[in-house]
Amino acid sequence: DGREQALLPRGGVAALLKTRSSYRSKAYCFLPLPGCTSLPVNINGHFALDSERRKVIVAPGHDQRWNDDLLNFVLVPAYAKLLKEAKEHVKLTKVSSQDFVGTSVNSLNNFEKQLDWFHGLFPRSTDEDSYWHRLARKLYTYLTSNYSL
């Protein structure tokens, strides 16, 4: 419960609609936090921050539990919803080779670009134990039990 610090369980996930090679995603707690998340999306949340308001608290304690709950119950479902909406944005459906008969090269290239963009929204899970990589692992667990993309 974040009442002592006037924290509210709110957050969101945002993605670029077009890929930019030089883009670095960030985390926000109303204002941008220093550094990048290494996720392919921007994350905004009402995090419990350190005394300098520059880092998300990950050390064991009350504030860390708040941030973990924010991750599990707000950010992960928001990220999953973003992926579901992104799928609708590119209108990905099951296709067979017959669907491409008579399709122009430009249409196929556009479809490939859309598919690359969609695939790029998924985080790369690693063994690193940062807050953002925990979000990635939790997202994949959530997707396997709650969604069929």
Side-chain angles (χ1 to χ4, degrees), residues 1-95 99 106-149:
D1 165 328
R3 283 182 272 183
E4 298 161 9
Q5 296 169 304
L7 297 172
L8 296 172
R10 59 181 161 199
V13 180
L16 290 175
L17 293 179
K18 293 188 179 191
T19 306
R20 287 190 351 220
S21 60
S22 64
Y23 183 74
R24 308 287 283 187
S25 59
K26 297 189 71 69
Y28 297 80
C29 183
F30 301 102
L31 297 171
L33 298 173
C36 298
T37 65
S38 74
L39 296 170
V41 296
N42 288 322
I43 303 289
N44 185 25
H46 203 166
F47 300 105
L49 301 175
D50 66 1
S51 61
E52 296 175 358
R53 297 201 39 82
R54 298 182 57 78
K55 294 180 185 169
V56 174
I57 295 175
V58 293
H62 175 74
D63 292 335
Q64 176 260 336
R65 283 193 308 276
W66 171 265
N67 288 333
D68 284 349
D69 286 347
L70 187 66
L71 183 147
N72 291 322
F73 300 113
V74 177
L75 297 175
V76 166
Y79 202 151
K81 184 166 175 47
L82 178 135
L83 292 172
K84 189 172 185 178
E85 293 293 324
K87 176 186 168 193
E88 298 302 317
H89 179 73
V90 295
K91 296 181 178 41
L92 295 176
T93 57
K94 293 182 180 177
V95 294
D99 293 332
N106 286 340
S107 294
L108 290 175
N109 287 340
N110 188 38
F111 180 75
E112 187 175 317
K113 285 179 186 175
Q114 289 182 343
L115 203 53
D116 286 345
W117 171 79
F118 179 68
H119 182 257
L121 295 176
F122 286 83
R124 309 296 178 255
S125 187
T126 68
D127 291 334
E128 185 180 328
D129 190 31
S130 74
Y131 185 76
W132 309 118
H133 285 95
R134 283 200 307 260
L135 188 153
R137 287 193 300 276
K138 296 274 188 177
L139 173 67
Y140 285 118
T141 301
Y142 184 88
L143 289 173
T144 58
S145 59
N146 293 295
Y147 274 99
S148 62
L149 290 173

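From a predicted model like this one, the values you see are computed outputs, not experimental measurements.
Across all their heavy atoms, Leu143 and Ala80 have their closest contact at CD2-CB, 3.8 Å. Here the shortest heavy-atom pairing between Pro40 and Gly120 reads CB-O, 3.0 Å.
Atoms CG and CG, on Asp69 and Leu75 in that order, are 11.0 Å from each other to the nearest 0.5 Å. Atoms CD and CG, on Gln64 and Leu71 in that order, are 10.5 Å from each other to the nearest 0.5 Å.
Using cut-offs of 30° and 60° for the angle between ring planes, the Phe122 and His119 rings count as tilted.
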* Asked: Which is it for Lys87 and Lys84 under the side chain to side chain contact (heavy atoms under 4.5 Å, CB included) test, yes or no, and what are the steps along the way?
  -> CA-CA 5 Å; Lys87 176 186 168 193; Lys84 189 172 185 178; 5.7 Å; no

* To do: Could you give me the CA-CA distance, side-chain angles and deciding distance for Leu49 and Leu33, then say whether side chain to side chain contact (heavy atoms under 4.5 Å, CB included) is met?
  => CA-CA 10 Å; Leu49 301 175; Leu33 298 173; 4.0 Å; yes

* Decide yes or no on side chain to side chain contact (heavy atoms under 4.5 Å, CB included) for Leu39 and Val13, but give the supporting numbers first. => CA-CA 11 Å; Leu39 296 170; Val13 180; over 6 Å; no

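Residues satisfying the side-chain hydrogen bond (donor to acceptor under 3.5 Å, both in side chains) test with Ser38, not counting sequence neighbours, are none. Not counting sequence neighbours, the partners of Asn67 by the side chain to side chain contact (heavy atoms under 4.5 Å, CB included) test are Phe47, Ala48, Val56, Ile57, Tyr131. Leu17 meets the side chain to side chain contact (heavy atoms under 4.5 Å, CB included) test with His89, Trp117; sequence neighbours excluded. Looking at residues two or more places apart in sequence or on another chain, you find a side chain to side chain contact (heavy atoms under 4.5 Å, CB included) between Ala15 and Val41, Leu82, Leu121. By the salt bridge (Lys or Arg N to Asp or Glu O under 4.0 Å) test, Glu52 is found to be paired with no residue, residues two or more places apart in sequence or in another chain being considered. Residues satisfying the side chain to side chain contact (heavy atoms under 4.5 Å, CB included) test with Val74, not counting sequence neighbours, are Pro9, Leu70. Residues passing the salt bridge (Lys or Arg N to Asp or Glu O under 4.0 Å) test with Asp68, sequence neighbours excluded: Arg134. Under the side-chain hydrogen bond (donor to acceptor under 3.5 Å, both in side chains) criterion, Asn42 pairs with Tyr23, sequence neighbours left out.
Between the side chain of Lys26 and the backbone N or O of Ile43 there is no donor-acceptor pair closer than 3.5 Å.
A ring pair (Phe, Tyr, Trp, His ring centres under 6.0 Å) check over residues 25-44, counting only residues at least two apart or in different chains, returns the pairs Phe30-His46.
Other residues, nucleotides and ligands place no more than 12 heavy atoms under 6.0 Å from the CZ atom of Arg54. In Lys138, the NZ atom is not crowded: 12 or fewer heavy atoms of neighbouring residues, nucleotides or ligands sit closer than 6.0 Å. When the shell of 6.0 Å around CZ of Arg24 is examined, it contains 12 or fewer heavy atoms from other residues, nucleotides or ligands.
Pro123 places none of its side-chain heavy atoms less than 4.5 Å from the side chain of Leu135.
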